[in-house]
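Computed from a prediction, not measured in an experiment: that's the story for all the values here. Every chain is numbered from 1, with letters handed out A, B, ... down the list of sequences.
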2 protein chains.
Amino acid sequence: MANGSTEPGQSKGGKSTLASSVYQQLRDDLLRGALESETKLRVEWVVSRYGAGASPVREALNRLAAEGLLGRHDQRGFFLMPVSAAELEELTRTRCWLEERALRESIAHRTAEWEEQLVLALHRLARAERRLPDDPTTNNPEWEKLHRAFHRALIAACRSHWLIGFCDQLSDQASRYRLIAQNAPGAGRDDLGEHRIIAERALDGDADGAVEALLNHYRITAAMCMERLAQGYDPRAGKSQRGRK
Amino acid sequence: MANGSTEPGQSKGGKSTLASSVYQQLRDDLLRGALESETKLRVEWVVSRYGAGASPVREALNRLAAEGLLGRHDQRGFFLMPVSAAELEELTRTRCWLEERALRESIAHRTAEWEEQLVLALHRLARAERRLPDDPTTNNPEWEKLHRAFHRALIAACRSHWLIGFCDQLSDQASRYRLIAQNAPGAGRDDLGEHRIIAERALDGDADGAVEALLNHYRITAAMCMERLAQGYDPRAGKSQRGRK
DNA sequence: ACGAAGTAGAATCTCGATAAAAAAAGCTGA
DNA sequence: TCAGCTTTTTTTATCGAGATTCTACTTCGT
């Protein structure tokens with residue numbers, strides 16, 4: 001499949017290859033929004049940045065392109081997929097469709113194991129700081145991981161690794177938009193509270209309630225990103241620069 | 001994204017690369033079930049079969065693995081994903097979830113253009129022969145293409161290229177199972193009739209009816225494949241060999 | 001000046017060879 | 001006979017150079 005963190009190949013003891021290593025690093029940087037200043041990814045550039053030959057780099061780029069994280073034109077190399085309001089809307093719409101189905105199935109087939117993993121994921125998320133303690137302007141990568149883990153735990157019991165993979169893929173895309181927009185704490189938004197409500201309702205078997213909370217969660221986030229996006233966003237700026245009246 | 005026939009890169013006039021060419025051929029052979037006798041894809045083997053260097057072949061394999069059409073283990077190469085009853089069931093389940101949503105959205109947002117493309121796709125499918133005229137034991141690749149095109153036309157108006165891509169991906173997987181099982185004409189199954197009913201209801205705006213017919217269509221197909229699968233299936237046999245009492 | 005054709009430069013893509021790893025075969029000693 | 005180790009063979013993964021293609025700039029003609 002084309003998901004991310006379930007990336008096979010090096011998982012079970014096997015030594016990782018250079019291609020996989022570059023793939024992993026590039027992917028992390030991509031989701032972290034660290035490469036948004038580039039519009040095109042020249043292989044020579046990637047080669048010098050991650051210290052590997054052209055062949056492994058090329059393989060990594062091919063994988064990422066197949067996943068939809070990069071674009072590719074034959075004889076014209078690889079490029080970062082452009083962001084747009086329309087794409088964000090379509091993304092959010094699709095995400096809501098898939099996550100709703102996944103969450104309902106997950107709740108319908110929940111097990112003790114699933115419940116435990118869910119409360120665990122919520123607990124860990126609650127413990128983490130969203131922003132870096134020393135630099136409150138940048139996001140905490142650790143929190144991002146736990147956030148992703150929480151949402152995956154929610155749908156883990158849906159009995160379809162395909163659906164889980166698709167949701168992961170969309171989650172990656174959304175993550176990119178969130179970090180591009182430097183999704184600030186939002187005027188008094190209660191992140192943790194939202195997650196807690198979703199989890200509680202899911203654990204209670206309240207499918208309709210959980211779905212409502214979850215979709216709301218996604219839509220609010222998307223709306224905030226959309227705002228920044230409309231406010232004028234320049235990919236070439238390292239840090240977000242708002243208010244360009 | 002990780003879909004198939006919408007494979008970018010060579011679409012608009014641009015000369016195709018060797019890697020893309022190998023990707024395309026390998027993918028066709030894969031979906032056609034022509035490689036089911038192999039369990040492992042050695043790069044040297046692929047190189048000699050498709051006439052290209054190791055680098056482009058390797059890139060093609062990486063793309064296919066990212067799409068889920070192949071498996072990969074670092075330092076251990078690429079292999080054909082094994083087939084199993086459990087996997088087929090999960091696949092069918094997921095497919096029904098996604099296609100239902102896609103079809104409902106497509107019908108809800110249908111346009112004149114969509115309707116025309118749909119009747120066109122149906123017409124073409126009706127014209128094609130399912131089996132090769134000269135050799136009725138093998139499927140007609142042309143029919144396969146048109147069949148796929150019909151199902152894509154159904155959901156084309158769903159307003160999400162993501163969802164369309166996911167459905168394509170699942171369709172590819174299902175296609176593999178169908179062709180592995182050499183899905184025979186089935187004891188008096190009316191393929192064309194089923195497709196016609198789906199299209200008619202969709203065109204009438206009868207979402208519930210269309211969805212019911214579509215899901216039934218998928219489930220019947222899956223059930224037939226499952227039968228062959230349970231009947232004992234040996235990947236190493238060129239032609240299907242039934243009845244191994 | 002403006003647009004088309006031509007030309008240097010840069011980037012992608014591909015090949016052949018080499019290094020590294022895994023699988024297979026052979027060997028030894030109970 | 002067989003488990004465990006060593007050697008050989010096979011296969012994968014990587015590098016560096018070269019061929020092909022694209023891009024941007026210059027030049028020429030109207």
Side-chain angles (χ1 to χ4, degrees), chain A residues 7-27 30 35 37-67 69-82 235-236, chain B residues 7-27 30 35 37-67 69-82 235-236:
Chain A
E7 164 63 10
Q10 51 152 32
S11 28
K12 208 173 63 84
K15 299 273 177 254
S16 126
T17 74
L18 252 187
S20 291
S21 163
V22 171
Y23 165 83
Q24 195 61 23
Q25 296 182 57
L26 235 175
R27 180 194 169 74
L30 231 29
L35 284 74
S37 52
E38 313 291 324
T39 172
K40 200 168 143 74
L41 283 187
R42 268 164 297 126
V43 315
E44 212 11 82
W45 186 84
V46 180
V47 161
S48 67
R49 171 162 178 156
Y50 297 94
S55 312
V57 162
R58 199 150 240 296
E59 292 188 18
L61 291 171
N62 270 289
R63 290 185 208 170
L64 291 166
E67 276 180 40
L69 237 41
L70 288 180
R72 178 178 58 73
H73 284 316
D74 273 10
Q75 309 282 32
R76 214 161 296 187
F78 300 82
F79 56 91
L80 264 72
M81 290 297 266
R236 230 154 307 278
Chain B
E7 165 62 13
Q10 52 152 37
S11 28
K12 208 174 62 88
K15 297 271 179 256
S16 126
T17 75
L18 251 187
S20 290
S21 164
V22 171
Y23 165 84
Q24 197 62 11
Q25 296 181 57
L26 235 176
R27 166 179 235 285
L30 230 28
L35 299 158
S37 52
E38 314 291 323
T39 171
K40 199 166 143 64
L41 284 187
R42 269 163 293 127
V43 313
E44 199 33 61
W45 185 85
V46 180
V47 160
S48 67
R49 171 163 177 154
Y50 298 94
S55 312
V57 161
R58 201 149 236 298
E59 293 188 19
L61 290 171
N62 270 287
R63 290 185 208 171
L64 290 166
E67 274 179 43
L69 238 41
L70 289 181
R72 177 179 59 73
H73 284 316
D74 273 11
Q75 308 282 29
R76 213 160 296 189
F78 301 83
F79 55 91
L80 263 72
M81 290 297 265
R236 229 155 307 279

Colleague: Check whether the side chains of B:Ser20 and B:Gln24 place a donor and an acceptor atom closer than 3.5 Å, and report yes or no.
Modeller: no
Colleague: So which one's nearest nucleotide on DNA chain C is more toward 5', A:Ser55 or A:Gly77?
Modeller: A:Gly77
Colleague: When you get a sec, tell me which of C:dT14, D:dT14, C:dA22 is the closest nucleotide to the side chain of B:Thr17?
Modeller: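 Of the candidates, C:dT14 comes closest.
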Colleague: If you only use heavy atoms from C-beta on, which nucleotide in D:dT14, D:dT12, C:dT14 is closest to the side chain of B:Lys40?
Modeller: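 Ranking D:dT14, D:dT12, C:dT14 by closest atom to the B:Lys40 side chain puts D:dT12 first.
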Colleague: As a test of reading the structure: which of D:dT14, D:dC22, C:dA22 is closest to the side chain of B:Arg76, going by heavy atoms?
Modeller: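 The answer is C:dA22.
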Colleague: For B:Phe79 and C:dA22, give me the distance from atom CZ to atom C1', rounded to whole Å.
Modeller: 15 Å
Colleague: Using whole Å, what does the distance between atom P of nucleotide D:dT10 and atom CG of B:Leu41 come to?
Modeller: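 Distance, rounded to whole Å: 20 Å.
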Colleague: Measuring from A:Asn62:CG to A:Tyr23:OH, what's the distance to the nearest 0.5 Å?
Modeller: 12.0 Å
Colleague: Which whole-number value in Å describes the distance from A:Leu18 CG to C:dT18 P?
Modeller: 20 Å
Colleague: Should A:Arg72 be listed as having a side-chain N or O under 4.0 Å from OP1 or OP2 of C:dT12?
Modeller: no
Colleague: Using a strict 4.0 Å threshold on nitrogen-to-oxygen distance, state whether A:Asp74 and A:Arg72 make a salt bridge.
Modeller: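 Yes.
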Colleague: Rounded off to whole Å, could you give me the CZ-to-P distance for the A:Arg42 and C:dG9 pair?
Modeller: 18 Å
Colleague: Distance alone, cut at 3.5 Å: any donor-acceptor contact between the side chains of A:Glu59 and A:Ser55?
Modeller: no
Colleague: In whole angstrom, give the distance that lies between atom CD of B:Gln75 and atom P of C:dA20.
Modeller: 12 Å
Colleague: Would you mind reading off the distance between A:Asp74 atom CG and D:dT21 atom C1', rounded to a whole angstrom?
Modeller: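 Going from A:Asp74 (CG) to D:dT21 (C1'), I get 12 Å.
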Colleague: Looking at CZ of B:Phe78 and CG of B:Leu70, how far apart are the two atoms once the value is rounded to the nearest 0.5 Å?
Modeller: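 That separation rounds to 7.5 Å.
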Colleague: To the nearest Å, how far apart are B:Asn62 CG and D:dT14 P?
Modeller: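 Rounded to the whole Å, the gap is 10 Å.
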Colleague: Within the structure shown, what part of the strands sits under 4.0 Å from B:Ala52 by heavy-atom distance: base, sugar-phosphate, or nothing?
Modeller: sugar-phosphate
Colleague: When all nucleic acid strands are considered with a 4.0 Å heavy-atom cut-off, which category describes B:Ala54: base, sugar-phosphate, or nothing?
Modeller: nothing
Colleague: Take atom CD of A:Glu44 and atom C1' of D:dG16, then tell me their distance rounded to the nearest Å.
Modeller: 11 Å
